[in-house]
Every structure is written in C-alpha cells, then in structure tokens.
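Some notes on the structure that comes next.
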Amino acid sequence: MNKIALRHAIAEALFSIAQVDPRVVVVTSDARGSAGISMFFDQMPERAVEVGIAEQSAVGIAAGLALSGKKAFVFGPACFYSARSFEQIKNDVAYTGSNVKIIGVSGGVSYGPLGSTHHTLHDIALFRATPGIDVILPSDAFQANAIIKMLCERENPAYLRVGRNPVPLIYDSPKSTFNYGRGVVLRKGQDVVLIATGEVVWHALEAARLLAEAGIDATVLDMPFIKPLDEELIIEVASQIQRVVTIEEHSVYGGLGEAVTHCLSELPSVAVKILGIPDEYPVTGTQEEVYRHYGFHAEGIKGAVMDFLGKVG
Amino acid sequence: MKQLERKALQLRIEVLKMIYEAGSGHIGGSLSSLDILVSLFYGVMRFDPHRPFWEERDRFILSKGHSVEAYYAVLADLGFFPREELRNYCRFGSRLTGHPTTKVPGVEVNTGSLGHGLAVGAGMAMAGKMDQKGYKVYVLMGDGELGEGSVWEAAQIAAHYKLDNLIGIVDRNKLQISGCTEDILRLEDLMNKWSAFGWEVLNVDGHNFEELLKIFKAIPLTKNKPHVIIAHTTKGKGVSFMENDRSWHHRVPSKEEFEKALGELSTKLRELEENE
C-alpha cells in the first residue's frame, strides 16, 4: 500500500509552486527538518526565513511579509502554532486578514509518546472560533497537494493541520477534483453516515468496509474543510440517512463533531455520535497505539457505529 | 520647527476632544507619543494619503495601539480619511475603534495587544530587503510594552537579519497603568539591553523636534544594524495636571478637567502663533 506523509507532500507541492511564483516565502522556527522544508533553505534561501525557537515572532514576521505582498507559509509543529503563537494568529493574521497560511505539522497525537505538550487536540476548536481564518485537515497526499495549490491562489488566511506519519492514499491522483470548502462523498450507503476529517478518513473507509461485511451499508464523507464547512452536503446526506457518526483526531469538544452537530441542530430526527479524544491527556503510546486505545482504528469505529445504531435504532 | 510645534498643539487639542466626546481613550500615552508621530509623519516619512498602499511608502506601526487617538488625529489631518470622522471615535459602528485596525486608511496592521508590532515590522523590513525596496519601517512601542517577551524575540531576529531599514522607537515615559515602569518591572539599563541584542541605540528628547528630526534623518548610522530610538517623554505631555500622573493612562476628563486642559492647550497655541 502506497503511503506518504502529508507534511512531505505539502512541502514538495509548495516547493514546485515557489519555483514559478516568486511571491511564495516560507517561515519556520527551528523546524525545517520536521516540517520537511529543508529544500527551501538549500535551494532558495532568499525566500526561506528561519527565526529560531520563536513561534510568536515567526507568525508576526509572516504577517509583515504578507502585508508587503508575499504569500507567507509558516511551517512548524501544530502544537506550538495553535498555542504559543495563537495570539499572533488571531491578531496579526486573522483579524488583520494578512495572507498567511499556517501549516501545522505533526498534529493530533502523531508525536505519540512525546506526551501531551506535543499533542494538538484543541486546534480545530480554537481556529473554528476565530473569525477570518479557514481550517483545513487534508486526508491524503493527493488532496494535500491540491489544497496547497488552491491556497496559493487565495489571499485569505488559513490554518492547515497534518500529522507526522505516512498515510495511505485515498484518491487516485492530485488531479482528482477538490473544490474549496466542499466535502467529498467517498462511499454511498443507506444505513449510516460516517463523516471524518484529516488522517482518520482512511480508518473510516476501512470501518465502512468492515461494516459492509456485517451487513451495514455506510456512506463515508471526507470533510477536509472544517471552516468553511460544507453544510449543504452534510444536511443533504443526513436528511436522507439520519444516523451520523463523526470521527476526528481531536478533542470531542469543539471539533468536527460539534461543527456537524451544530449544522444539524435544526433537524431533530438526526442522531449524531461524536468519536474523538475524551477530555483528558491521552495515554502514552505510538499514534497507532493511541488510536487503538480510543477506538479510532477500523475495528474500533465499526464497534462504535454498531453500538450507536443499536441504541438509536 | 515652529510649524511642527503648532501642528502638535493642534493635534493635542484634537486628541483631548476625541477622548472627552467619546468618553473613552488613553490620553496619557497619546500625549507622550504625539511629538514622535508628528516628527515622523510631517518631517520624515514618505507616503501618499491618496495611495495608502503605494509600494514604496515608509511603513509605520503603532505597536502601543492604545495611543490610537494621536494616530487617528494625525492620519485624519493628513487626509487619509475625513477629519469629521474623528467625531465618531469609539461610537457604535464606527471604524475608528479604540485600537487601530486596517479598516482605517493608513493603518498597516491591527494592533492593541502589546508586543506584536516589532515582529510584524521586522517582516515588512525583511520583505523590503528581499525586493530591494528603499522603504523604512518604523515601530513605535511603549516602555511598559517591553515586558512582553515577544518584543525580545523580534529584537533578536531583526539583529540576526541585519535589518537596518527597521527603526524601533520606545516612548520612554516611565509610566504604565499600575505605576512607574521601574517599580512594576525594572527596564533599566534599557540602552544596554537593546545594545546587547545587537541594535544601534540612540537616545533623544521625545518632545524636541529638532533632535527627533536630526536622528530620524541620520538613520542608518550603522549599516546592517536595526536602530532603536529611546525617546524620553512625559506621560500626559502638554496638560499640566496630567503630566507624569499615571491615573491619566486611561481616564476620561470630567467637563471641568476638559475645559481646563483645553484652556491650557489653547493658550499655548495662541502664544505660539503670536510669537511667529
């Protein structure tokens, strides 16, 4: 199975765009290796800015670059860019509307055993509640590539979160059609809708396959854009099927699940189950072990869906 | 110089009126920083009020965003937006909020939370170097603001990148909201701090136009170094009973206080005009 880490797919896509678009600059905070952007420093150092371990200033400087005409991409660990520099993101970027894209890498629990200082399970909640910035979690390398191209063509601020480890390809090519702000129907079924975002989409797809073996036919939606959220698609599908399970590598508070629930709140006949990380600092383990612990792997999702369907009928 | 002094007095009166009418504002810091703003906008910087996004313009960032009344008064006077709009300052629906936003022509970045301006300014200065543009970037900070660690992050980065087109200005009025800067969080030896961070440091009387203009026009004194000007000022400058009184950091004058302050400033303006 072909697996690619999204951080590498993003860096490569941006690097190839930067070769023809002189406005692209990258900013990082001693994270060029973990973000996979060393090639900018090696091959176009005049457009690669290193600020040292200073995430607040990385964002402030990116805002200054953007306000002077650059397309500024800030790369670094999602945990720090959603906490340490959040005020700069709120004020210098989102409130000002400067053309800065924050690329948070190694998000969710992908730093696994490094502990909760390095986990990012609150970022969707924070950025969702911040006007003026889009929130995006691509699900595979092809989608990430396509989204980077779209971001280069747009002048608005965005936060994009990916994990650290290689994930399987879901789509056929970077040319697959992705529309900005829209979700993608990956599979059509009539018993339940699984809505997932980011790198757990693959697990949701696998779960649908297992559910089919158990006689349950699931629709699967990939929802890379948490903001703007494709409410039209969610309402359309949920109106038909009325049983919705959301899956995300994020706290159960404030993430995709709550966004979907909010969007469906005027459809009282729809039941929603939110699968996410409970309100606790996760157990120690690799990303995969943590997934298994919380039931984010295909078997776990299958079990949760069957349990949910049993309860709501 | 007389012309700048007169302009500064007129704008002090404007600031006083704005705050009194709005029932809100930061008068102490606006009055301490006003002469710095007047020197920059009327004697040093290149800009075009009719083309606020002119690429070659010098950039100004009010990092101490609470001194916004002085900033708006200057921008309106220069024609960035209609002067009558100052009467709407802080009123419902007005774009003239109590801290600067880019909705107001001439404002480069939204500020208000302290410790943000220097990094944004460094980014603008960096872009200027990348694009081989000749513009300069001026960032006005409060002295109390220097308590924010992000200022010193940005200071290190600006020195590392040799941004000699970046000019920091510290409004050194020695007061912050809770008291004297040296009692709240000691800043001195401020000159040596900036110097140790790799900056060229200059001291100036922040109310002396001759000194201010001379220093601004001489920059860069040292190639490849960012410059910081420590401008020694008086909080509440120009109104006798507001000077050096921390309670005027964020206090609205009563009717009596307003009239007294207006009387003082108007008398000074009249005397200045009579002596011309």
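Lettering of chains follows the sequences in order, A, B, ..., and the numbering in each one begins at 1.
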Q) Thinking salt bridges, do A:Glu155 and A:Arg23 make one under a 4.0 Å N-O criterion? A) yes
Q | A:Tyr159 and A:Thr130: side chain donor to acceptor below 3.5 Å | A |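 Side-chain D/A pair, A:Tyr159 to A:Thr130: absent.
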Q: Check whether the side chains of A:Ser110 and A:Arg164 place a donor and an acceptor atom closer than 3.5 Å, and report yes or no.
A: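 Judged by distance alone, the side chains do not pair up.
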Q. If you count heavy-atom pairs under 4.5 Å with chain B, which of A:Glu46, A:Lys90, A:Glu50, A:Glu87 comes out on top?
A. A:Glu87
Q | Options A:Ile61, A:Val25, A:Val59, ranked by heavy-atom pairs under 4.5 Å with chain B, top entry | A | A:Ile61
Q: Give, as side chain, backbone, both or neither, the part of A:Gln88 having an atom under 4.5 angstrom from any heavy atom of chain B.
A: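 A:Gln88 touches chain B through backbone and side-chain heavy atoms alike.
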Q: Measure A:Val49 against the heavy atoms of chain B and call it side chain, backbone, both or neither at under 4.5 Å.
A: both
Q: Can you tell which part of B:Tyr161 gets under 4.5 Å to a heavy atom of chain A, answering side chain, backbone, both or neither?
A: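 Interface part for B:Tyr161: side chain.
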Q. Side chain, backbone, both or neither: which part of B:Ser150 has a non-hydrogen atom closer than 4.5 Å to chain A?
A.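 Interface part for B:Ser150: both.
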Q: Among B:Met124, B:His116, B:Met126, single out the residue with the greatest number of heavy-atom pairs under 4.5 Å to chain A.
A: B:His116
Q: Under 4.5 Å, counting heavy-atom pairs only, tell me which of B:Met130, B:Glu55, B:Glu108, B:His160 racks up the most with chain A.
A: B:Met130
Q: Start with the C-alpha gap between B:Val139 and B:Ile167, add the side-chain angles, then the distance that decides, and say whether side-chain contact (heavy atoms from CB on, under 4.5 Å) holds.
A: CA-CA 6 Å; B:Val139 180; B:Ile167 299 108; over 6 Å; no
Q: Take B:Asp143 and B:Arg172 through the test salt bridge (charged side-chain N to carboxylate O under 4.0 Å, His left out) and record every step on the way to the result.
A: CA-CA 5 Å; B:Asp143 49 3; B:Arg172 185 75 176 110; 2.9 Å; yes
Q) Does A:Arg154 make a cation-pi contact with A:Tyr180 (under 6.0 Å, within 45 degrees of the axis)? A) yes
